[in-house]
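Working notes for the structure below.
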Amino acid sequence: MHDASLTSPGESARRGGAGALAAALQDSRRDTLATFDAIRRQLPALSVPTERAGLNPPLWELGHIGWFQEFWLARNPARAAGAAADPALPRGRPLRADADRLYDSSAVPHATRWHLPLPDADATRHDLAQQLDTSLALLRELGDGSAASDDALYFFRLALLHEDMHHEAWLYMAQALDLVIDDPRWQPRALPAPPPAIVLPPATWTLGRRGPGFAFDNERPAHDVSLPGTEIDAQVVRWAEFLPFVDAGGYADDALWSVAGRQWRATLGAGGTKQAPRYLQREAAGWQQRRGGRWQALDLALPACHLSCHEAEAWCRWAGRRLPTEAEWEQAAVSRPDAFRWGDVWEWTASPFVPFPGFEPHPYRDYSAPWFDGRPVLRGASQLTQPRLRDARYRNFFPPDRNDVPAGFRTCAARGASA
């Protein structure tokens with residue numbers, strides 16, 4: 001049974017019943033279409049630069065969202081088996097005959113997505129409406145209450161959170177392309193002056209997720225890790241704390257950068273040496289930030305954002321601090337919710353994205369295993385993240401050079417170290 005009284009959007013998405021999921025799927029689709037329409041108004045041809053590895057054509061991505069939902073729900077003969085489902089079973093026919101050839105991200109190389117004979121926007125939206133109607137009908141078959149099993153609801157939850165992830169990707173794509181997204185929900189929020197650091201005693205921490213409800217495969221199995229005593233920042237680093245590093249010549253000081261960081265820095269900026277964070281420039285009147293296609297005065301109380309992991313690590317060396325491990329981050333977030341503020345930016349950690357001991361892949365094989373290559377784990381959420389996706393045990397992961405993602409960081413040190 002699932003607790004129908006769950007009020008947190010994240011808990012409702014992972015543990016709520018069929019009725020809550022039906023409402024969330026419809027809410028997610030409304031946001032998907034609203035953001036797509038905002039992009040379409042400003043990019044009538046829906047074209048984005050092919051050379052940007054982190055971007056997908058918006059029209060392809062819209063079709064992929066519907067295809068993914070249909071593939072794992074309406075077309076999946078084993079959907080009732082949940083995470084134990086055999087992903088290799090033959091699928092039912094898709095709504096659009098050539099959908100697998102167009103939208104299967106596992107089979108369609110990224111570089112080819114700009115050249116596919118995609119249906120136009122209106123046809124794609126029509127497909128999405130039919131696909132959602134079918135998904136909701138399947139959900140109604142499970143009953144409107146909260147008694148459906150986690151296995152029966154697994155793929156509905158997966159499709160919901162998958163759509164929410166793509167919505168966030170559209171929002172930071174819009175920033176990269178100088179597009180305006182006016183919805184106040186997706187705007188950054190100023191932070192107060194840094195509160196005192198949180199002191200965490202040595203502990204054995206259970207890292208990962210156990211118990212009922214939905215989990216991504218990389219969140220399981222939960223396992224115990226030993227943690228030293230640590231003090232960890234109560235909130236993420238703001239521009240007010242980050243920019244003195246820039247003013248002190250931090251971007252030019254090779255001693256502060258890893259080998260990989262120096263190589264990344266040399267590929268960016270005028271003259272081959274990056275001197276400031278992405279979307280920022282320094283003028284005589286002070287720092288400016290580019291948002292919505294124009295430069296404006298930077299609010300130094302905003303969280304430092306759109307930073308690569310290399311920049312976060314260099315700042316930590318300059319400040320005599322370090323990035324927390326994901327276990328330290330999770331310990332603080334779960335055990336000290338009264339003092340530990342998170343959700344303003346995705347947060348780089350010092351932990352590589354590797355499988356937990358005893359890892360078993362779930363049916364969506366491409367979600368985790370192909371990316372177990374040592375890239376860093378990010379924790380938390382950003383101002384662009386749907387509340388349903390926010391979860392203290394969620395593991396995000398990106399290559400360390402990505403600075404289009406709304407990521408920043410917090411720091412930690414051994415107990416008693418000065419900030």
Side-chain angles (χ1 to χ4, degrees), residues 1-2 13-26 28-29 32 60-108 116 118-119 123-166 209 212-221 359-371 388:
M1 294 286 290
H2 301 276
R14 287 178 178 251
R15 295 179 56 205
L21 273 174
L25 283 164
Q26 293 174 86
S28 182
R29 183 57 50 82
T32 291
W60 180 89
E61 200 149 8
L62 184 67
H64 168 76
I65 288 168
W67 172 87
F68 186 96
Q69 186 177 110
E70 183 187 36
F71 184 84
W72 290 110
L73 289 173
R75 297 175 59 196
N76 182 6
R79 65 177 175 271
D86 181 355
L89 292 177
R91 285 299 199 279
R93 294 178 60 185
L95 177 64
R96 184 171 293 275
D98 56 352
D100 292 344
R101 183 176 63 85
L102 296 176
Y103 300 121
D104 184 351
S105 58
S106 300
V108 180
L116 296 169
L118 299 174
T124 304
R125 290 181 63 129
H126 184 265
D127 288 353
L128 260 71
Q130 290 186 266
Q131 289 157 337
L132 180 59
D133 285 346
T134 300
S135 297
L136 294 174
L138 294 173
L139 198 52
R140 284 194 294 272
E141 292 176 5
L142 301 178
D144 292 333
S146 59
S149 70
D150 285 330
D151 285 342
L153 295 173
Y154 175 88
F155 287 105
F156 294 94
R157 292 165 171 163
L158 177 66
L160 169 65
L161 298 177
H162 171 267
E163 184 160 351
D164 286 345
M165 291 178 200
H166 278 276
R209 181 176 296 278
F214 177 86
F216 290 102
D217 55 9
N218 64 61
E219 297 170 349
R220 287 184 170 165
F359 168 82
E360 294 183 2
H362 285 186
Y364 180 27
R365 297 289 196 252
D366 284 353
Y367 181 70
S368 296
W371 317 114
R388 288 179 295 270

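Throughout, numbering of the chain's residues begins at 1 and tracks the sequence. For clarity, every value in this text was computed on a predicted model and none was experimentally measured.
Ring orientation note: the planes of His64 and Trp67 are close to parallel, at an angle under 30° on the 30°/60° scale.
At least one side-chain heavy atom of Leu138 sits less than 4.5 Å from a side-chain heavy atom of Phe156. Contact annotation: the side chain of Gln69 never approaches that of Leu128 to less than 4.5 Å [non-hydrogen atoms, C-beta and beyond]. Counting only heavy atoms from C-beta outward, the side chains of Leu118 and Leu102 approach each other to under 4.5 Å. Thr124 is listed as a side-chain neighbour of Tyr103, based on a closest heavy-atom distance under 4.5 Å. Contact annotation: the side chain of Leu62 never approaches that of His166 to less than 4.5 Å [non-hydrogen atoms, C-beta and beyond]. Arg91 is listed as a side-chain neighbour of Pro77, based on a closest heavy-atom distance under 4.5 Å. Side chains of Trp60 and Ser105 form a contact here, defined as non-hydrogen atoms less than 4.5 Å apart. For the pair Trp72 and Pro363, the minimum side-chain heavy-atom distance is below 4.5 Å.
If you run side chain to side chain contact (heavy atoms under 4.5 Å, CB included) between Glu163 and each of Leu158, Ile65, Leu132, only Ile65 comes through.
No hydrogens or angles considered: nothing links the side chains of Trp371 and Asp366 as a donor-acceptor pair under 3.5 Å.
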(message) Walk me through whether Phe359 and Asp217 qualify under side chain to side chain contact (heavy atoms under 4.5 Å, CB included).
(response) CA-CA 7 Å; Phe359 168 82; Asp217 55 9; 3.7 Å; yes
(request) In sequence, state the C-alpha distance, the side-chain angles, and the governing distance for His162 and Tyr364, and then conclude on side-chain hydrogen bond (donor to acceptor under 3.5 Å, both in side chains). (result) CA-CA 11 Å; His162 171 267; Tyr364 180 27; 5.0 Å; no
(request) Give the intermediate values and the outcome of side chain to side chain contact (heavy atoms under 4.5 Å, CB included) for residues Leu139 and Leu153. (result) CA-CA 8 Å; Leu139 198 52; Leu153 295 173; 3.8 Å; yes
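Here the CZ atom belonging to Arg29 is positioned 10.5 Å from the CG atom belonging to Leu160, to the nearest 0.5 angstrom. Separation of atoms CG (Leu21) and CZ (Arg157) is listed at 5.5 Å; rounding is to 0.5 Å. Summarising the geometry, atom CG belonging to Leu95 is positioned 5.0 Å from atom CG belonging to Asp127; distances are rounded to the nearest 0.5 Å.
Of all the heavy atoms in Ala80 and Asp151, the pair that sits closest is O-CB, 3.4 Å. The nearest pair of heavy atoms linking Arg79 to Leu73 is NH1-O, 3.0 Å.
Note: His362 and Tyr154 meet the aromatic proximity criterion, with ring centroids under 6.0 Å apart.
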